[in-house]
Colleague: 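Can you read through this structure? Questions will come right after.
What you see below is based on every heavy atom in this structure, not just the backbone, and it leaves out hydrogens, waters and symmetry mates. In what follows, every chain begins at residue 1, and chains take the letters A, B, ... in the order their sequences are listed.
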Amino acid sequence: MGFKILKKCPDTRARRGVLTTPHGEINTPIFMPVGTRASVKAMSPEELVKLNAEVILGNTYHLFLKPGMEIIGKARGLHKFMAWDRPILTDSGGFQVFSLSSLRKITEKGVHFASHIDGSRFFLGPEESMSIQRTLGSDIVMAFDECTPYPSDYKTAEKSMLQTTRWEAVSRDQKLNDGQQLFGIVQGSMYKDLREQSAKSLVEIGFEGYAIGGLSVGEPEDTMFEVLDWTVPHLPEEKPHYLMGVGTPKQLVESVARGIDMFDCVIPTRLARHGSAYLSNGTTIPIKAGRYSNDFAPVDENCDCYCCRNFSRAYIRHLFSVGEILGMRLLTLHNLYYFINLMRKIRDSLETGAFAEFRKTCFNS
RNA sequence: GUGGAUGUAGCUCAGUUGGUUAGAGCGCCUGGUUGUGGCCCAGGAGGCCGUCGGUUCAAAUCCGAUCUUCCACC
């Protein structure tokens, strides 16, 4: 178990690495498709394997509410329950408690909240989150944190960051299963000294990996990159760095250059369900637009995914306009293929020492 | 043929006792969507109100003719 750096970029902070878990190896930099409720929406595990997805996300908050831990326990863990035998990373539930639920009451022990599904009351704190993630049996466990809203004034951001730090220390003290790796999460909003302080505190506690949270929450893109520039240098170089919830193709490349190894984002799958398809230059097209009704070219001429090898824009637009499930499935497949392949190209360029060049030219086509 | 109904945005329809630049839903076009509620949000384009004539200061609205479509009867 653990992280090994295979090669470093001579020009940037980018690295090519391998993270070993109980369910296999993860080649970094990596993009992790999101499978919140024990399903990467519209994809079967078999299709994800064909796409070369090496690791997917699951979510403590959602799985805790439905189907509940008793059922996951009876299924003997999330891997068996959903028939996915590759690595799984589970989010701690902290983010969702703040973004989805209502009637939150925060105490030193955790958060009282009302379910976004039916309003029923629950409590989630670091002890509960770790216990749940132990039952889920995920390979990578995230510490319980509070995602500081944006914008936040300094005092609010500081208070929130310190609360997160205390919860993360409690998370670290909980017992996990053999092989489960715990990642800490840096907070601190957009303040340089808070980010540094958060990073240093986490390093003191000691985690198998370090995530950067509280970004891509509405701040300008340049601000996000700036926060990465402030934060990553304070993380242990030999541990994996995970940027939570990011991002667009351009943000992935730019964040790799700033030393990030892991990403997760709903963008490719959510946009696919809403009818947006990624092109190789990193932009999207709205496949539902009337102008595609007579366009018999593939979604992306430069793509060799199953969708682009077999189907036309006109056909997929038709599927969307009549509400056929296959439309969402094909675009999800295509968008994930694009993201996963983009990361493979990043890794290839790191291996050959050509990342800096790739960074400049990768969206030119 | 007779009687009744109908005609307003691409589609389905609202438009009160005549009163400023005629509305809605869907569709269409532009943006947005970042640790997931198969959505949603913000803008925009688009109408000689079937046609012709009349009444009136003023007509989608009242009157006449005509055409369209539908129903019933013969």
Colleague: Please determine whether any donor N or O and acceptor N or O are separated by less than 3.5 Å between the side chain of A:Asn59 and the base of B:rG35.
Modeller: no
Colleague: Could you work out the separation of B:rC40 and B:rA22 based on their C1' atoms and round it to a whole Å?
Modeller: 29 Å
Colleague: Which value, in whole Å, describes the distance between the P atoms of nucleotides B:rA65 and B:rA72?
Modeller: 25 Å
Colleague: Mind checking the P distance from B:rU2 to B:rU68? Whole angstroms is fine.
Modeller: 14 Å
Colleague: Grab the OH-C1' distance between A:Tyr61 and B:rG37 for me, whole Å please.
Modeller: 11 Å
Colleague: Taking all atoms of both residues into account, what is the closest heavy-atom pair of A:Val141 and A:Ser138, and its distance?
Modeller: CG2-OG, 3.7 Å
Colleague: Let me know the distance between CZ of A:Phe320 and C1' of B:rC28, rounded to the nearest Å.
Modeller: 17 Å
Colleague: Look up atom NE2 in A:His116 and atom CG in A:Leu65, then write down how far apart they are to the nearest 0.5 Å.
Modeller: 6.5 Å
Colleague: Between A:His234 and A:Tyr210, do the side chains contain a donor N or O and an acceptor N or O under 3.5 Å apart?
Modeller: no
Colleague: State which of B:rG35, B:rC28, B:rG38 makes the closest approach to the side chain of A:Arg317.
Modeller: B:rC28
Colleague: What's A:Lys288 touching, base or sugar-phosphate or nothing? Going by heavy atoms closer than 4.0 Å.
Modeller: sugar-phosphate
Colleague: Look at all strands and tell whether A:His116 reaches a base, only sugar-phosphate, or nothing, counting heavy atoms closer than 4.0 Å.
Modeller: base
Colleague: Counting any heavy atom closer than 4.0 Å, what does A:Glu146 reach on the DNA or RNA strands: base, sugar-phosphate only, or nothing?
Modeller: nothing
Colleague: Using the P atom on both, measure B:rA60 against B:rU51 and round to a whole Å.
Modeller: 11 Å
Colleague: Which of parallel (below 30°), tilted (30 to 60°) and perpendicular (above 60°) describes A:Tyr154 and A:Tyr191?
Modeller: perpendicular
Colleague: Within 45° of the axis and under 6.0 Å from the centre of the six-membered ring of A:Phe225, does NZ or CZ of A:Arg258 qualify?
Modeller: yes
Colleague: If I pick the C1' atom on B:rA5 and the same atom on B:rG32, what distance separates them, to the nearest angstrom?
Modeller: 47 Å
Colleague: Would you mind classifying the nucleic acid contact of A:Ala289 as base, sugar-phosphate or nothing, using non-hydrogen atoms under 4.0 angstrom?
Modeller: sugar-phosphate
Colleague: Checking side-chain polar atoms at under 3.5 Å, does A:Glu221 have a donor or acceptor matched by the opposite partner on A:Gln251?
Modeller: yes
Colleague: Parallel, tilted or perpendicular: which one describes the rings of A:Phe122 and A:Phe64, with boundaries at 30° and 60°?
Modeller: perpendicular
Colleague: So if I take every side-chain heavy atom of A:Asp91 and compare against B:rG38, B:rC28, B:rG35, which nucleotide ends up nearest?
Modeller: B:rG35
Colleague: Once you apply a heavy-atom cut-off of 4.0 Å, does A:Leu100 come out as touching a base, just sugar-phosphate, or nothing?
Modeller: sugar-phosphate
Colleague: Heavy atoms under 4.0 Å, any strand shown: does A:Ser99 hit a base, just sugar-phosphate, or nothing?
Modeller: nothing
Colleague: When you compare the protein's N or O atoms with those of nucleotides 32-34 of chain B, which come within less than 3.5 Å of each other, and at what distance?
Modeller:
from, atom 1, to, atom 2, distance (Å)
B:rU34, OP1, A:Arg270, NH1, 3.4
B:rU34, O3', A:Gly245, O, 3.2
B:rU34, O2', A:Ser216, O, 3.3
B:rU34, O2', A:Ser216, OG, 2.7
B:rU34, O2', A:Gly245, O, 2.7
B:rU34, N1, A:Ser216, OG, 3.1
B:rU34, O2, A:Ser216, OG, 3.1
B:rU34, O2, A:Gly245, O, 3.4
B:rU34, O2, A:Gln251, OE1, 3.2
B:rU34, N3, A:Ser216, OG, 3.3
B:rU34, N3, A:Gln251, OE1, 3.0
B:rU34, N3, A:Gln251, NE2, 3.4
B:rU34, O4, A:Gln251, NE2, 3.2

Colleague: For RNA chain B, what is the dot-bracket line, given that a base pair needs Watson-Crick (N1 to N3, plus N6-O4 or O6-N4) or G-U wobble (N1-O2 and O6-N3) geometry with both distances under 3.5 Å, and | means paired with another strand?
Modeller: (((((.(..((((.....[...)))).(((((.......))))).....(((((..]....)))))).))))).
Colleague: Between A:Asn364 and A:Thr361, do the side chains contain an N or O donor and an N or O acceptor separated by less than 3.5 Å?
Modeller: no
Colleague: Any side-chain donor paired with an acceptor under 3.5 Å for A:Gln133 and A:Ser129?
Modeller: yes
Colleague: Please find the pair of heavy atoms, one from A:Phe355 and one from A:Val253, that lie closest to each other, and give the distance.
Modeller: CZ-O, 3.7 Å
Colleague: Output the rounded distance in Å from CZ (A:Arg37) to P (B:rG35).
Modeller: 14 Å
Colleague: Could you tell me whether A:Gly214 contacts a base, only the sugar-phosphate backbone, or nothing, with contacts defined as non-hydrogen atoms closer than 4.0 Å?
Modeller: base
